[in-house]
Protein chains: 2
Amino acid sequence: MTTETERPIEPDRVRAPNIRDVARVAGVSYQTVSRVLNDSPNIRPETLQRVRDAIDELGYRPNQAARALVTSRSRTIGVLAAQTVHYGPATSIQAIETAAREAGYRLSITNISSSEYASIKSGLDYLMSQAVEALIVIAPQVRVFEAINDLQVGVPFVTLEATGLSSDHSLWVDQVQGARMATRHLIELGHTEIMHISGPQDWIEAEARMQGFLRELGDADLRTRAPILGDWTASFGYYAGLELLRYRDFTAVFAGNDQMALGFMHACREMGLSVPGDISIVGFDDVPEAAHFAPPLTTVRQNFAEIGRRAIALLLGELRGETDLSHDPVQPELIIRESTARASRLG
Amino acid sequence: MTTETERPIEPDRVRAPNIRDVARVAGVSYQTVSRVLNDSPNIRPETLQRVRDAIDELGYRPNQAARALVTSRSRTIGVLAAQTVHYGPATSIQAIETAAREAGYRLSITNISSSEYASIKSGLDYLMSQAVEALIVIAPQVRVFEAINDLQVGVPFVTLEATGLSSDHSLWVDQVQGARMATRHLIELGHTEIMHISGPQDWIEAEARMQGFLRELGDADLRTRAPILGDWTASFGYYAGLELLRYRDFTAVFAGNDQMALGFMHACREMGLSVPGDISIVGFDDVPEAAHFAPPLTTVRQNFAEIGRRAIALLLGELRGETDLSHDPVQPELIIRESTARASRLG
DNA sequence: GGCGCGGATGTGAACGTACACATCGCGACA
DNA sequence: TGTCGCGATGTGTACGTTCACATCCGCGCC
């Protein structure tokens with residue numbers, strides 16, 4: 001005699017079927033149903049089938065909350081992101097989402113509105129309140145590390161698109177290498193006066209690209225000039241261009257991303273300068289539109305999706321207790337199009 | 001005598017503090033702590049303070065899983081999305097995320113890889129397995145409605161950026177109106193032979209823009225020609241342009257989005273045609289880069305963020321049981337830049 | 001033929017919270 | 001002064017699942 005029969009019938013209140021309902025229909029105990037749900041071995045094929053039929057018949061779905069409560073595993077991976085409207089982060093997140101879902105994890109994404117410490121902390125706080133099991137950071141990372149320490153985030157984490165500082169937890173396209181490739185390309189075309197428009201200073205990847213740029217210039221014994229600190233937007237590239245082109249003491253520009261390159265080319269047109277006739281320009285990212293800019297943009301391609309997939313693979317490995325967390329940086333690729341040409345003489 | 005004292009001490013196993021731990025520290029019952037957490041009235045200020053201090057001291061965080069279990073409310077809103085890397089969806093999602101978080105909801109986003117029924121169903125299935133309380137759809141909607149019916153999704157939902165078919169559940173920028181504005185602008189400039197490059201047929205918004213285009217043309221008694229069905233990408237716009245421009249029996253193009261407009265302008269350059277001298281082009285969306293295209297693109301601005309915010313507001317209202325779900329479409333805005341000019345004579 | 005063993009299945013308890021209800025104390029009112 | 005009402009707080013229970021342990025059965029072995 002089971003206790004289930006004593007439960008009063010509630011005709012109005014429709015309750016989702018639970019594990020005991022399934023058990024009753026299948027004629028087994030609820031524990032057996034649980035075993036079926038968790039792919040436990042040692043179940044008679046006949047029993048297995050009966051339980052599966054009962055599940056289908058009732059349209060039963062396991063209650064994730066109850067599972068999470070008893071196992072104290074949320075099966076959630078947190079993503080702390082900034083600027084998710086941009087092509088790079090968006091592509092990575094999409095890959096992360098797919099990979100996570102396949103591994104039975106869900107994602108909790110939160111956008112931070114500014115790179116201020118308070119904003120980062122509040123985003124992190126939000127994610128921790130959801131008991132995420134791991135953390136992926138796609139954001140200006142300089143202050144994020146502080147926040148992760150301060151909040152005693154006790155879960156595995158990786159940062160995307162960063163480089164250098166904390167290689168144990170970073171997964172990255174080799175930004176320095178990419179920047180060097182872009183710069184070397186310009187040098188090889190005979191440019192000696194090269195300008196760099198960088199991303200915001202607190203983005204590690206902006207910093208890395210700047211480093212690559214400066215190192216390559218140093219290796220070639222060329223004059224280095226202070227990079228302009230931008231904000232990744234096309235508008236910034238445009239206004240920076242209007243300003244810089246008044247002097248015209250350079251023949252090439254390496255932009256921190258494709259958007260700023262686009263804005264800069266706009267400024268060139270407006271100043272009556274030809275790209276690449278007067279000014280050569282290289283971007284970074286290879287957004288899908290870059291091939292159709294005027295002129296089509298020479299740029300550095302990053303495999304954002306690959307980075308996303310690797311992030312999940314790395315975290316899952318760590319959650320499983322694996323210790324071999326080696327990860328080579330993803331290599332970027334220089335895509336040569338029509339925005340670069342041999343250096344013109346400075347007028 | 002409480003039972004807590006009987007619990008054996010486990011020094012190695014660190015357990016997150018729970019509501020009873022807080023109660024013990026604050027010297028109250030766990031129910032009082034629960035009341036504090038849920039902003040219940042009728043708590044003595046002094047007691048309130050003691051509980052809050054205890055919470056801070058222990059670093060206590062409510063266990064969401066336990067909450068979800070007992071209330072049978074997941075506090076999760078599902079987002080079924082496609083093409084999240086695009087500017088429009090990405091912007092909307094960001095706004096949704098912010099609004100949801102402010103309202104105490106989290107988001108579960110899933111991308112569908114194709115617009116096939118199986119893919120939609122599997123995405124929907126995934127979201128339902130998370131017991132989402134409401135659903136936001138940003139995807140090709142034609143088949144989504146079928147899937148929502150088939151799966152007996154018993155939760156409130158809205159579709160974004162759609163129009164027409166199911167106005168009860170749709171929240172939209174008035175795409176028809178936007179398309180009419182774009183088309184009328186071209187007509188007013190004297191263009192009579194106007195081409196339309198549309199988005200994929202199964203996107204309702206593509207359909208709506210096409211409808212607006214055709215209606216405006218009809219109202220002006222102009223010849224209508226079969227729109228080209230594209231895929232939203234710049235590359236498609238480019239190749240379509242190369243093909244179409246061989247005939248040059250039109251002087252203006254209304255593109256379904258800014259990316260296709262960009263690709264088309266690229267094709268114009270390659271064919272030696274001037275924009276807007278020979279061909280006028282209007283886009284749709286007003287992505288941030290559009291102002292820096294060559295030439296800066298005349299386009300229809302949509303307030304994606306507003307749409308996202310409204311979606312959450314609408315769903316929260318429905319969850320609260322409000323019945324007044326009236327929602328006016330968001331009005332788009334024509335942004336006139338330099339890619340349109342008076343019609344040239346056809347050569 | 002008794003005993004041990006392991007495969008298959010069942011029972012009790014716990015996870016952390018919110019809801020329904022019970023209790024306590026105190027002031028107002030008849 | 002007794003009682004009613006209400007503000008403030010405490011106790012029991014349920015949510016749906018998994019884990020640890022218990023039980024049952026049949027088979028092989030000495």
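Residue numbers begin at 1 in each chain, while the letters A, B, ... track the order of the sequences.
- Of the listed residues (B:Val158, B:Leu315, B:Val155), just one forms a side-chain contact (heavy atoms from CB on, under 4.5 Å) with B:Leu135, and that residue is B:Val155.
- The interatomic distance linking B:Ile55 (CD1) with C:dG16 (P) rounds to 16 Å, in whole Å.
- Between B:Arg67 atom CZ and C:dG16 atom C1' there is a gap of 11 Å when expressed in whole angstrom units.
- Atom pair A:Gln31:CD and D:dT17:P shows a separation of 12 Å (rounding to whole Å applied).
- Side chains of B:Gln130 and B:Thr76: a donor-acceptor N/O pair is absent below 3.5 angstrom, by distance only.
- Phosphate proximity of C:dA8 to A:Thr47: absent, as no side-chain N or O sits under 4.0 Å from OP1 or OP2.
- The salt bridge (Lys or Arg N to Asp or Glu O under 4.0 Å) pairs that include a residue from residues 114-133 of chain A are A:Arg73-A:Glu133, A:Asp125-B:Arg61, where partners are two or more places apart or lie in different chains.
- Looking at A:Asn18, its side chain does come within 3.5 Å of a backbone N or O of A:Arg20 through a donor-acceptor pair.
- For D:dC19, the OP1/OP2 oxygens have no side-chain nitrogen or oxygen of A:Thr71 closer than 4.0 Å.
- Looking at heavy-atom distances under 4.0 Å, B:Pro41 makes no contact with the nucleic acid at all.
- Taking every side-chain heavy atom of A:Arg44 into account, C:dA8 is the closest of C:dA8, D:dG10, C:dA18.
- Taking every side-chain heavy atom of B:Asn42 into account, D:dG7 is the closest of D:dG16, D:dA14, D:dG7.
- Between A:Tyr30 atom OH and C:dA13 atom P the separation is 10 Å, expressed in whole Å.
- Rounded to whole Å, the distance from CZ on B:Arg50 to C1' on D:dT9 is 11 Å.
- For the pair B:Ser34 and C:dT17, the criterion of a side-chain N or O lying under 4.0 Å from OP1 or OP2 is not met.
- Toward the 5′ end of DNA chain D lies the nearest nucleotide of B:Ile43, the other residue of the pair A:Val70 and B:Ile43 mapping further downstream.
- Ranking C:dT11, D:dT9, C:dG16 by closeness to the A:Ser29 side chain, first place goes to C:dT11.
- Put simply, CG on A:Asp39 is 16 Å from P on D:dT17, counting in whole angstrom units.
- Atom pair B:Leu69:CG and D:dC15:P shows a separation of 9 Å (rounding to whole Å applied).
- One can place CD of B:Glu46 at 15 Å from C1' of D:dG7, the figure rounded to the nearest angstrom.
- When each of B:Asn38 and A:Arg35 is assigned the nucleotide of DNA chain C with its nearest heavy atom, A:Arg35 is the one assigned upstream, toward the 5' end.
- With D:dG10, C:dT17, D:dG16 as the choices, the nucleotide that has an atom nearest any side-chain atom of A:Asn18 turns out to be D:dG16.
- For A:Thr32, the side-chain atoms get nearest to C:dT9 when compared with the rest of C:dT9, C:dT17, C:dA14.
- Across B:Ile93 and B:Ala81, no two heavy atoms sit closer than the pair CD1-CB, 4.2 Å.
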